[in-house]
2 protein chains.
Amino acid sequence: MDEQKEPLPRAEAEEYASWFKALADATRIQIVSLLARRREPMSVGEIVAVSGVGQSTVSHHLKILSEVRFVLVERQGTSSLYRINESCVSCFPTAADVVMGNPVPTAPVRD
Amino acid sequence: MDEQKEPLPRAEAEEYASWFKALADATRIQIVSLLARRREPMSVGEIVAVSGVGQSTVSHHLKILSEVRFVLVERQGTSSLYRINESCVSCFPTAADVVMGNPVPTAPVRD
DNA sequence: ATCGTCAATCGACGATATTCGATGAACGGG
DNA sequence: CCCGTTCATCGAATATCGTCGATTGACGAT
């Protein structure tokens, strides 16, 4: 019979974990919710000004967030404008996805 | 006007992060999905047998998962039986919650 | 009471992550 | 062409995390 004794394959578990890792830090949560409050894209400098952490730290977190395509970047002259990727927000896995064994969502590749 | 310039308060960001931290590890993802596949509660020994990591490691992860009430424990004689907390699965925050500034869900205190 | 089983805790170790300050590279303006 | 601004990257310090083996404690059976 289809007795599900095996654990979730490690590879899938890692993929799931990498999603949740992206939001598993308070500073990144702040950045994400900040970008969401402002409807328009924000430059790194603006984010630094209100987030209370150093510029290199903000840049680092933005890199992590953009690697999972949670935020999108658009370079404009000398500054980089970051904004939320709406389609990535909606495909973000839920705890129910994990529990029900749904396939791991893949971040949309388009920018 | 209500110009939302302030970042999300650090305390709330930390609460959000602690939720996502709970699922930010591949082994915990495996344990959670394992408990979900089996409908009935599982003992630590059973989980160890199929998860491929040591007993103390499993115990450690189960502790983390039960601290956010994602799993519930029921001690039975010499063994501990763990099971998924369904109501915690459904209240688990989504990325949309973060982005929309919803209040941080609190894990149900009942066991 | 003693032994064996089961699970939680402890201590330690290596691996990752977070943060910072400093440096560097790209760009626009005078 | 030089300078200031803006951001990414580097290197290092620190903190946190995941894992293990060993120990401890609780319980049941003999």
Side-chain angles (χ1 to χ4, degrees), chain A residues 7-8 10-11 13-32 34-35 40-68 70-83 111, chain B residues 7-8 10-11 13-32 34-35 40-68 70-83 111:
Chain A
L8 189 69
R10 190 71 184 183
E14 305 258 20
E15 287 182 63
Y16 262 125
S18 67
W19 274 108
F20 291 109
K21 262 195 251 271
L23 294 186
D25 177 80
T27 303
R28 284 197 290 275
I29 292 277
Q30 288 186 299
I31 291 175
V32 163
L34 188 60
L35 288 174
E40 332 144 19
M42 293 180 70
S43 72
V44 177
E46 295 180 84
I47 301 174
V48 170
V50 296
S51 70
V53 293
Q55 178 265 319
S56 60
T57 303
V58 169
S59 195
H60 174 235
H61 286 304
L62 286 171
K63 181 178 184 178
I64 291 177
L65 288 170
S66 63
E67 275 169 0
V68 295
F70 206 94
V71 302
L72 301 176
V73 58
E74 173 193 2
R75 205 159 267 112
Q76 179 126 344
T78 165
S79 69
S80 297
L81 301 182
Y82 285 88
R83 67 179 197 277
D111 50 331
Chain B
L8 189 69
R10 189 71 184 183
E14 304 258 20
E15 287 181 64
Y16 261 125
S18 68
W19 274 108
F20 291 109
K21 264 195 250 269
L23 294 186
D25 177 79
T27 303
R28 284 196 291 275
I29 293 277
Q30 287 186 299
I31 291 176
V32 164
L34 187 61
L35 288 173
E40 331 144 19
M42 293 179 70
S43 72
V44 177
E46 295 180 86
I47 300 174
V48 170
V50 296
S51 70
V53 292
Q55 179 265 318
S56 60
T57 302
V58 169
S59 195
H60 174 235
H61 286 305
L62 286 170
K63 182 178 185 178
I64 291 178
L65 288 170
S66 63
E67 275 169 359
V68 294
F70 206 94
V71 302
L72 301 176
V73 58
E74 172 194 4
R75 204 159 267 110
Q76 178 127 341
T78 167
S79 69
S80 298
L81 300 182
Y82 286 88
R83 68 179 196 279
D111 50 328

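Bear in mind that the values here come from a model prediction, so they are computed numbers and not experimental data. By convention in this document, chain letters (A, B, ...) are assigned in the order of the sequence lines, proteins followed by strands, and residues within each chain are numbered from 1.
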Legend entry - Counterpart residues, side chain to side chain donor-acceptor pair (under 3.5 Å), relative to B:Ser66 (two or more places apart): none
In residues 53-60 of chain A, what donor-acceptor pairs under 3.5 Å come from side-chain atoms, sequence neighbours left out?
none

Legend entry - Distance, rounded to the nearest Å, where A:Leu62 contributes CG and D:dA8 contributes C1': 11 Å
Inset, instruction - To the nearest Å, give me how far apart CD1 (A:Ile47) and P (D:dC7) are. - result: 9 Å
Legend entry - Atom pair CD1/CG of B:Ile29 and B:Leu65 - distance to nearest 0.5 Å: 9.0 Å
Legend entry - Non-hydrogen side-chain atoms of B:Val32 and A:Leu8 separated by less than 4.5 Å: no
Legend entry - A:Arg75 side, atom CZ; A:Tyr82 side, atom OH - distance, nearest 0.5 Å: 6.5 Å
Inset, instruction - Kindly indicate whether the side chain of A:Leu62, heavy atoms from C-beta on, has any atom under 4.5 Å from the side chain of A:Val44. - result: yes
Legend entry - Set of residues satisfying side chain to side chain donor-acceptor pair (under 3.5 Å) with respect to A:Thr27, sequence neighbours excluded: B:Arg10
Under 3.5 Å, which N/O atoms of the protein pair with N/O atoms of nucleotides 11-15 of chain D?
none

Inset, instruction - Compare every heavy atom of A:Pro7 with every heavy atom of B:Gln30, then report the nearest pair and how far apart it is. - result: NE2-CB, 4.3 Å
Legend entry - Identified side-chain contact (heavy atoms from CB on, under 4.5 Å) partner of B:Met42 from the options B:Leu81, B:Ile31, B:Leu34: B:Leu34
Inset, instruction - Would you indicate what B:Ser80 reaches in the nucleic acid, counting non-hydrogen atoms under 4.0 angstrom: base, sugar-phosphate, or nothing? - result: sugar-phosphate
Inset, instruction - Looking at every strand, decide which applies to B:Ser79 at a 4.0 Å heavy-atom threshold: base, sugar-phosphate, or nothing. - result: sugar-phosphate
Legend entry - Heavy-atom contact window of chain A on DNA chain C, given 5' to 3' at under 4.0 Å: C:dT18 to C:dC27
Legend entry - Polar side-chain atom of B:Arg28 near backbone of B:Lys21 as donor-acceptor pair, under 3.5 Å: yes
Inset, instruction - Report, as a single string ordered 5' to 3', how protein heavy atoms within less than 4.0 Å touch nucleotides 16-30 of chain D: B base, S sugar-phosphate only, - not at all. - result: -SSBBBB----S---
